[in-house]
Amino acid sequence: MSSNMTLRQIYPAIEAYDTGFLKVSDLHNIYYEQTGNPSGKPAVFIHGGPGLSIGPRDRRFFDPAVYRIVTYDQRGAGKSTPPAELKDNTTWHLVEDIEKLRVFLGIDKWACVFGGSWGSTLSLTYAEHHPDRVGSLIVRGIFLLRKVEFDWYYEGKGANMVYADHWEDFIAPIPESERGSMIDAYYKHLTGTDRQKQIECAKAWSLWETRTSRMNPGLINEENVAHCEQVDWLQYSRIECHYYANKGFFSSDEYILDNVDKIRHIPATIIQGRYDMVCPLATAWQLHKRWPEAEYQVVPDAGHSSKEDGIAALLVEATDKYGQL
């Protein structure tokens, strides 16, 4: 895709026709929204993080005349309660929450499962466990929670060479004696009792991802950076670091790749920014090699964010295509 081509735009803003909470355990309640056509093809948008949340823009990747669009906040994230709760919060709980939401909403099968970054991880894992409930998959900014990916982004073995200045801000809250494992050190402080240290680490963790998520740093404005100071970023960083410190709760480092044969029959599109520093292209390429049937699209002038024009355009093209199946 050339940057001088006319790019497909996301759909206009639209309000949800239904919102609510689903009790998924004695402890957790997840918040959900439904938008678009109540009689349309059911699609579920799976947000990133872990620990981030849904927003009005997420529903705009889908044609509201075609799709019944379901968006929701994962356990402890966004409006789900209790906020930032780590107990009973694992990948396997989240996989079954998607099933509980599907059943609760009276949906037999998702016409489309859509996720980026951590959302791609959870989408793929859900599909591998419930392939008969997935009509198509759209995954972006592929993240498989492998050691090589953590090392690249969080342990000073790749992304720090590109963003050396921002890396210094990332490691600053962590004492030098604890920097042998940045993820473990952050987890210690984000789950500790020192509130000031929690906030300091939450801000640094969030700033690192914010500053490195787009190819064009000019798109990262002061409003984005200031947002990292808000308390909801403690919610995000605690949950995200919890998952990373526990290796995604997977039984092996290449769990998703080793189980991809279970989903190779599902129509799918993999979309990846060439200059993604958060989830490098090598991971998407390795997934594609294991899954050659999936459509594989690289955006040559994009990084990680779905807000980058080329990535957004391909995401909409993909939902349009699967909306016709």
Side-chain angles (χ1 to χ4, degrees), residues 3 48-52 116-121 140-190 200-222 224-225 227-228 233 236-237 240-241 243-245 247-248 253-254 256-257 270-289 296-311:
S3 59
L52 290 175
S117 195
W118 158 256
S120 75
T121 318
R140 169 207 51 92
I142 306 304
F143 182 38
L144 304 181
L145 272 78
R146 298 175 302 162
K147 183 178 185 299
V148 65
E149 297 166 57
F150 290 135
D151 285 350
W152 161 271
Y153 192 61
Y154 289 107
E155 303 296 350
K157 297 182 180 180
N160 64 305
M161 298 292 285
V162 181
Y163 291 102
D165 47 352
H166 299 323
W167 177 254
E168 287 195 7
D169 291 337
F170 177 66
I171 66 174
I174 305 301
E176 288 191 26
S177 61
E178 298 179 11
R179 292 178 186 172
S181 173
M182 293 296 295
I183 290 176
D184 288 345
Y186 263 97
Y187 192 49
K188 168 187 170 183
H189 294 295
L190 287 168
E200 179 188 13
C201 286
K203 177 181 177 180
W205 181 279
S206 304
L207 276 172
W208 172 240
E209 185 160 332
T210 299
R211 287 168 163 171
T212 57
S213 64
R214 302 192 191 187
M215 180 179 163
N216 181 358
L219 295 175
I220 302 169
N221 58 37
E222 289 305 312
N224 298 135
V225 174
H227 189 51
C228 295
W233 284 96
Y236 150 63
S237 57
E240 184 165 81
C241 198
Y243 273 76
Y244 296 175
K247 312 296 188 294
D253 192 52
E254 302 221 344
I256 294 176
L257 289 177
I270 300 167
I271 296 170
Q272 180 73 31
R274 169 70 70 182
Y275 296 102
D276 189 334
M277 291 292 120
V278 182
C279 300
L281 181 141
T283 301
W285 177 244
Q286 289 156 11
L287 175 63
H288 174 55
K289 288 174 69 176
Y296 176 70
Q297 298 178 308
V298 175
V299 184
D301 55 354
H304 183 67
S305 176
S306 64
K307 293 181 179 179
E308 293 176 274
D309 291 343
I311 291 177

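All values derive from a computational prediction rather than experimental measurement.
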>> Working to the nearest 0.5 angstrom, can you tell me the gap between S206 OG and F170 CZ?
In response: 10.0 Å
> Rounded to the nearest 0.5 Å, what separation is found between the OG atom of S120 and the CD1 atom of I142?
Replying inline: 4.0 Å
>> For a quick test of reading the model, state the closest non-hydrogen atom pair linking R211 to Y163 and the distance between them.
In response: O-CE2, 3.9 Å
> From Y244 OH over to D184 CG, what is the distance, rounded to the nearest 0.5 angstrom?
Replying inline: 14.5 Å
> Quick one: OG1 on T283 to CD on Q272, what's the gap to the nearest 0.5 Å?
Replying inline: 7.5 Å
> Can you find a side-chain donor-acceptor pair between W205 and E240 that sits under 3.5 Å?
Replying inline: yes
> Which heavy-atom pair separates C241 from Y187 by the least distance, and what is that distance?
Replying inline: SG-N, 3.4 Å
>> Strictly distance-based, threshold 3.5 Å: is any side-chain N or O of R140 a donor or acceptor partner for the main-chain N or O of I270?
In response: no
> Roughly how far, to the nearest 0.5 Å, is the NZ atom of K147 from the CG atom of L145?
Replying inline: 13.5 Å
> So does Y275 have more than 12 non-hydrogen atoms from other groups sitting under 6.0 Å from OH?
Replying inline: no
> Can L281 and D276 be said to form a side chain to side chain contact (heavy atoms under 4.5 Å, CB included), step by step?
Replying inline: CA-CA 7 Å; L281 181 141; D276 189 334; over 6 Å; no
> Looking only at heavy atoms, which two atoms of A204 and D169 are closest? And how far apart?
Replying inline: CB-O, 3.9 Å
> For E178 and H189, does a side-chain donor sit closer than 3.5 Å to a side-chain acceptor?
Replying inline: yes
>> If you count every heavy atom of other residues, nucleotides or ligands that lies below 6.0 Å from W167 atom CH2, does the total exceed 12?
In response: yes
> Do you know which two heavy atoms are closest between H304 and C279, and how far apart they sit?
Replying inline: CE1-SG, 3.4 Å
>> Going by ring pair (Phe, Tyr, Trp, His ring centres under 6.0 Å), name the residues that satisfy it together with Y153, two or more places apart in sequence or in a different chain.
In response: W208
> Judged by atom type as modelled, is there a donor-acceptor pair below 3.5 Å linking the side chain of D151 to the main-chain atoms of E149?
Replying inline: no
> For L144 and T121, what are the C-alpha separation, side-chain angles and deciding distance, and is it a side chain to side chain contact (heavy atoms under 4.5 Å, CB included)?
Replying inline: CA-CA 6 Å; L144 304 181; T121 318; 5.6 Å; no
> What class does the angle between the rings of Y236 and W233 fall in, given that below 30° is parallel, 30 to 60° is tilted and above 60° is perpendicular?
Replying inline: perpendicular
>> Given 3.5 Å as the limit, does a donor-acceptor pair link the side chain of S305 with the main chain of R214, or not?
In response: no
> Rounded to the nearest 0.5 Å, how far does CZ of F150 lie from CD1 of I183?
Replying inline: 5.0 Å
> Can R274 and D301 be said to form a side chain to side chain contact (heavy atoms under 4.5 Å, CB included), step by step?
Replying inline: CA-CA 7 Å; R274 169 70 70 182; D301 55 354; over 6 Å; no
> Side-chain donor-acceptor pair under 3.5 Å between R146 and Q286, yes or no?
Replying inline: yes
>> Using only atom types and a distance under 3.5 Å, with no angle test, would you say the side chain of W152 pairs donor to acceptor with the backbone of M277?
In response: yes
>> Which heavy atom of I311 sits nearest to which heavy atom of G303, and what is that distance?
In response: CD1-O, 3.4 Å
>> Looking only at side-chain N and O atoms, does T212 offer a donor or acceptor that is under 3.5 Å from a partner on H166?
In response: no
>> To check you understand the geometry: which heavy-atom pair defines the closest contact between S213 and V278, and what is its length?
In response: CA-CG2, 4.0 Å
>> Before you tell me yes or no, could you show the steps for V299 and E308 under side chain to side chain contact (heavy atoms under 4.5 Å, CB included), namely the whole-Å CA-CA distance, both residues' side-chain angles and the distance that decides it to 0.1 Å?
In response: CA-CA 10 Å; V299 184; E308 293 176 274; over 6 Å; no
